[in-house]
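Structure, as structure tokens:
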Protein chains: 2
Amino acid sequence: MPLSQTPKSHVSARGVIPDATVSRLPMYHRSLVTLAARGVILVSSEELAEASGVSSAKLRKDLSFLGSYGTRGVGYDVEFLLYQIARALGLTQEWPVVIVGIGNLGHALAGYPGFASRGFSVVGLFDTDKQRVGESVVVAGKALEVQDISKLPQVVLSTGAAIGVIATPESAAQEVCDLMVRNGVTSILNFAPVLIEVPAGVDVRRVDLATELQILAFHEQRKSQVALTQANAG
Amino acid sequence: MPLSQTPKSHVSARGVIPDATVSRLPMYHRSLVTLAARGVILVSSEELAEASGVSSAKLRKDLSFLGSYGTRGVGYDVEFLLYQIARALGLTQEWPVVIVGIGNLGHALAGYPGFASRGFSVVGLFDTDKQRVGESVVVAGKALEVQDISKLPQVVLSTGAAIGVIATPESAAQEVCDLMVRNGVTSILNFAPVLIEVPAGVDVRRVDLATELQILAFHEQRKSQVALTQANAG
DNA sequence: TAGATTGTTAATCGATTAACAATC
DNA sequence: TAGATTGTTAATCGATTAACAATC
């Protein structure tokens, strides 16, 4: 599970949206995009829940925090619900994003099609490595040149980027974070395997690729132990 | 069967470990590795909690599910606690892992140092792209050649890999998953932005790089709204 | 109207927290 | 002993679930 350093819950048109609900909205959004692409017009809570891997009761409860966007006896209009969820998530506006650390992970993030399609626009790629600075990376169909980290302040200022992504090694993460924050970045997605310190008002979410693997190992270990127990019992 | 061969407890020494606790164990593990590297011998729940970004009450509660590994009035022995957490997570054994989809993300995963240091050993890299098959990738200091996906069954069989990582585009994810499961993989880490279907007994965890960014955008949007409201009120 | 499905309620379940007895 | 800190308890808080009244 991703590690959150963000506040607990949030105010919407209807009041507070629980954290647990917010964390599932991107999944519902994705399911609806898929359904819309297939030409589906209407969807029931049962069908959308199935497509998203949750129970229909949970789905309806989650959607009720956004508003009453369904029709009793009928279901939800796919396009309309899609728009409402996108709006709640903030995906109906354009978010300029800067990425620091253009190694393999940085390249993967810069080229990820799921960013552009959700309103995220990568406006700057930065590295300290002279070998990488100047390299041209294709982002959302356009070439973007990797710049020296010293150019970050100017790019953040001119684009108004509020979101920064850290894909550096652990050793550089805090320094990069400080630079971002000093220049007005107020939301940081941190892929470096270290907790970073930020002033109040700045949100950080950390994704550690190894964390999820460790949780899988935990469950896998449990499965082997159960198998062993059954073998010994039998 | 002799009593000496009877397995001890199975889920844990103390019983069931809650999901919320399991999700935080990798973080505690990482904090302890850092402390140990600094030569710290003893740590209090207060200090370890601070380093891990949780409250000390939560930390002590979490650790209590593993056993009683601290000393009242003193704290926790860093090396001993590190071992106990590693053991609980299953990191004291070697986990052979196969990775399918060796694009930018696959490369980043294959080269991630946090894998090898936690007992994960990448034993196979697979792709369908003829351009990529045959490429040599440095994994944990050794060269490993990208193989055609058709070689996966043989590698899973010979290495006993129970864990597979999917880093393919969405379109290939389910097919790759099926191939893995048919050949004995029982835990799957899925980076493709799609839900995959697996039989009972197979665990899947999905990491979507865009999900976290969307949650950040949600919070960022909230911040601007609050700022706006305050400006209008003032 | 009859059938279907939402949105909400209330009960249950699980996680978090503060406080402190146990004990080094 | 006096001080420190764990491990556990009990209260609180938040999330999930099943059931169903509302209503299309």
Side-chain angles (χ1 to χ4, degrees), chain A residues 1-25 27-28 32 35 40-78 80-82 84-85 88 215, chain B residues 11-25 27-28 32 35 40-78 80-82 84-85 88 215:
Chain A
M1 169 187 299
L3 308 167
S4 175
Q5 292 178 224
T6 43
K8 289 234 167 124
S9 43
H10 311 277
V11 183
S12 75
R14 304 277 296 201
V16 168
I17 303 181
D19 248 13
T21 295
V22 172
S23 74
R24 286 186 291 264
L25 292 180
M27 194 161 53
Y28 303 151
L32 286 165
L35 290 169
V40 177
I41 304 296
L42 272 172
V43 70
S44 70
S45 62
E46 195 64 58
E47 293 163 333
L48 182 55
E50 155 97 43
S52 307
V54 300
S55 72
S56 66
K58 190 185 271 186
L59 174 80
R60 288 198 303 278
K61 192 93 168 86
D62 282 340
L63 295 184
S64 76
F65 291 112
L66 307 186
S68 282
Y69 298 133
T71 308
R72 288 167 202 240
V74 177
Y76 300 89
D77 180 284
V78 170
F80 181 63
L81 185 58
L82 186 51
Q84 293 301 340
I85 290 178
I215 296 173
Chain B
V11 176
S12 82
R14 307 277 295 202
V16 170
I17 303 181
D19 266 3
T21 294
V22 172
S23 75
R24 286 185 292 264
L25 292 181
M27 194 159 55
Y28 303 151
L32 286 165
L35 290 168
V40 177
I41 305 296
L42 272 170
V43 70
S44 69
S45 62
E46 195 63 58
E47 293 162 334
L48 182 55
E50 156 96 44
S52 306
V54 300
S55 72
S56 65
K58 191 185 269 184
L59 174 80
R60 289 198 302 277
K61 192 92 168 86
D62 282 340
L63 295 184
S64 76
F65 290 112
L66 307 187
S68 282
Y69 298 134
T71 308
R72 289 167 200 239
V74 177
Y76 300 89
D77 181 283
V78 170
F80 181 64
L81 185 58
L82 187 51
Q84 292 301 340
I85 290 178
I215 295 173

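- The CG atom of B:L25 lies 7.0 Å from the OG1 atom of B:T21; values are rounded to the nearest 0.5 Å.
- With rounding to whole Å, A:L63 atom CG is found 14 Å from D:dT16 atom P.
- Nucleotide D:dT8 holds its P atom 10 Å from the CZ atom of B:F65, rounded to whole Å.
- Taking CZ of B:F80 as the reference point, atom OG1 of B:T71 lies at 9.0 Å (rounded to 0.5 Å).
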Please convert DNA chain C into dot-bracket. A pair counts if it is Watson-Crick or G-U wobble with both distances under 3.5 Å; crossing pairs go in [ ] and bases paired with another strand get |. ..||||||||||||||||||||||
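- Distance OH (A:Y69) to P (C:dT8): 12 Å, rounded to an integer number of Å.
- Qualifying side chain to side chain contact (heavy atoms under 4.5 Å, CB included) partners for B:A51, counting only residues two or more places apart in sequence or in other chains: B:S31.
- The two residues A:I215 and B:S23 come nearest to each other via the heavy atoms CD1-CA, 3.8 Å.
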Full working for side chain to side chain contact (heavy atoms under 4.5 Å, CB included) between A:V54 and A:M27: CA-CA 10 Å; A:V54 300; A:M27 194 161 53; 3.9 Å; yes
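- Residues meeting the side chain to side chain donor-acceptor pair (under 3.5 Å) test with B:E50, sequence neighbours left out: none.
- Atom-to-atom distance recorded for B:Q84:CD and B:S68:OG is 11.0 Å, nearest 0.5 angstrom.
- Of the inter-residue distances, the one linking A:I85 atom CD1 with A:L32 atom CG reads 5.0 Å to the nearest 0.5 angstrom.
- An OP1 or OP2 oxygen of C:dG7 is reached within less than 4.0 angstrom by a side-chain nitrogen or oxygen of A:Y76.
- Distance check: B:L48 CG to B:Y28 OH gives 7.5 Å after rounding to the nearest 0.5 Å.
- Summarising the geometry, the separation between CG on B:L59 and P on D:dT5 is reported as 14 Å, rounded to the nearest angstrom.
- A:R60 meets the salt bridge (Lys or Arg N to Asp or Glu O under 4.0 Å) test with no other residue; sequence neighbours excluded.
- As a whole-Å value, the separation of A:D19 CG from C:dA15 P is 15 Å.
- Of the residues in residues 41-53 of chain B, not one comes within less than 4.0 Å of DNA chain C through any heavy atom.
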With sugar-phosphate taken as primed atoms, P, OP1 and OP2 and all else as base, the protein-contact string of nucleotides 17-24 of chain D at under 4.0 Å (heavy atoms; B, S, -) is BBB-BBBB
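- Note that OH of A:Y69 is 11.0 Å distant from OG of A:S64, once rounded to the nearest 0.5 Å.
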